[in-house]
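Residues: numbered from 1 along the sequence shown.
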Amino acid sequence: MLLNPPLHTHLRRSLNGLFGARSVNALAPHIERITRERLDALEHDIHARGEADFTTLVADLMPSQVMCAWAGLLEDDAPLLAGFSDRFAAAHNVASDAELDDADRVTSDIRAYWHAHIDRLRTRPGDDRISTWLTDPRLTADLPDNETLAATLALLFFAAHETTAVALAYAGAALAEYPDQAAVLRKNPDRAAAAVENLLCAHPPVSLTQRGAF
């Protein structure tokens, strides 16, 4: 988001409450339910077909479902939004005209989705977090246009989905490569937090670094 104060300041302050401890803790039941459902789907495919795609069934879809729960979006939109995120990530490394065309299309699709959602909430606000955010006095004090709001929501969703999906995929691959370590975790679930920290250090989900000369 290439914004300057005071608009950038209003946006940042208005978003703080959406990611506070209370907001995140309230997601715990949703995260537990979604995790069980995704792992059940994985187990079903393993029993039915003898194999399963962890990245598709768990890593890619689970964070999208969690973000839908956080934002008050329909969970049925999770596959669509995960697809947006995957295509937008691919748009950062285009190598052909066809890929460039798809990058343009997905950018338009994302904008249209969030613009339509904001318009619905303007007309019929609910008790969801985005409705609360749109009526926050710190935001309405210098109300951005819908384009800025849509871009902010799209960036939030993309950043949350992409980093979590990649981290989960790396973790699944690492535990499959080292089944002895997976066995240790199954026997000692209290080591899960330390395992997550080590996995994030070994396989960081974001490897893009930009430097600028001034």
Side-chain angles (χ1 to χ4, degrees), residues 1 12-13 15-73 75 77-79 81-90 92-93 129 133 152-211:
M1 296 296 295
R12 284 184 63 88
R13 288 178 178 171
L15 288 167
N16 286 341
L18 300 183
F19 296 96
R22 182 180 301 177
S23 178
V24 173
N25 289 337
L27 280 176
H30 298 286
I31 294 172
E32 292 171 2
R33 173 186 60 80
I34 291 166
T35 301
R36 285 195 300 269
E37 291 174 355
R38 291 295 89 223
L39 293 179
D40 286 347
L42 186 75
E43 184 179 24
H44 174 271
D45 271 22
I46 291 173
H47 289 315
R49 300 166 45 206
E51 62 181 14
D53 187 337
F54 177 83
T55 298
T56 300
L57 291 173
V58 180
D60 198 45
L61 192 54
M62 189 168 77
S64 185
Q65 289 178 290
V66 171
M67 283 300 291
C68 283
W70 171 84
L73 300 170
E75 201 164 296
D77 284 357
L81 291 164
F84 284 166
S85 180
D86 294 338
R87 290 168 61 202
F88 191 72
H92 288 75
N93 189 29
R129 288 180 176 84
W133 177 61
T152 301
L153 290 170
L155 179 60
L156 284 173
F157 200 100
F158 170 71
H161 174 269
E162 183 66 13
T163 52
T164 309
V166 172
L168 286 171
Y170 276 143
L175 292 174
E177 185 177 359
Y178 299 100
D180 57 322
Q181 295 299 307
V184 169
L185 276 178
R186 281 193 291 270
K187 292 179 181 178
N188 303 276
D190 57 305
R191 298 187 183 182
V196 169
E197 291 297 325
N198 285 323
L199 284 164
L200 289 174
C201 289
H203 303 287
V206 177
S207 57
L208 176 65
T209 301
Q210 294 179 323
R211 294 184 175 88

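Note that CG of D45 is 11.5 Å distant from CG of D40, once rounded to the nearest 0.5 Å. Atom CE of M67 is separated from atom CG of L153 by 9.0 Å, given to the nearest 0.5 angstrom. Atom CG of L42 sits about 9.5 Å away from atom NE2 of H47, to the nearest 0.5 Å. To the nearest 0.5 angstrom, L81 atom CG is 5.0 Å from S64 atom OG. Interatomic distance, N198 CG to H203 NE2, rounded to the nearest 0.5 Å: 10.5 Å. One finds the CZ atom of R38 at 12.5 Å from the CG atom of L168 (value rounded to the nearest 0.5 Å).
Residue N25 qualifies as enclosed at atom CG: its count of foreign heavy atoms under 6.0 Å is above 12. Within 6.0 Å of OH on Y170 lie no more than 12 heavy atoms contributed by other residues, nucleotides or ligands. With a 6.0 Å radius and a threshold of 12 heavy atoms from other residues, nucleotides or ligands, R33 has its CZ atom above the threshold.
In this structure, R129 and A69 approach most closely via the heavy-atom pair NH1-O, 4.0 Å. Taking all atoms of both residues into account, the shortest heavy-atom contact from W70 to S23 is NE1-OG, 3.8 Å. Residue P205 comes nearest to T163 through the heavy atom pair CB-O, 3.2 Å, listed as atom of the first residue, atom of the second, then distance. Between L57 and A41, the closest heavy-atom pair is CD1-O, 4.0 Å.
Within the 4.5 Å cutoff, no side-chain heavy atoms of T164 are placed close to those of V66. Under the 4.5 Å side-chain criterion, counting only non-hydrogen atoms from C-beta, D180 is not in contact with V184. A heavy-atom distance below 4.5 Å is found between the side chains of M62 and T35. Looking at heavy atoms from C-beta onward, L175 lies out of side-chain contact with F54 at the 4.5 angstrom threshold. Here the side chains of H161 and D86 are in contact, with some heavy-atom distance below 4.5 Å.
Using a 30° and 60° split on the angle between ring planes, H92 and F88 fall in the perpendicular class, above 60°.
Every residue meeting the side chain to side chain contact (heavy atoms under 4.5 Å, CB included) condition with A169, not counting sequence neighbours, appears here in chain and number order: T55, A59.
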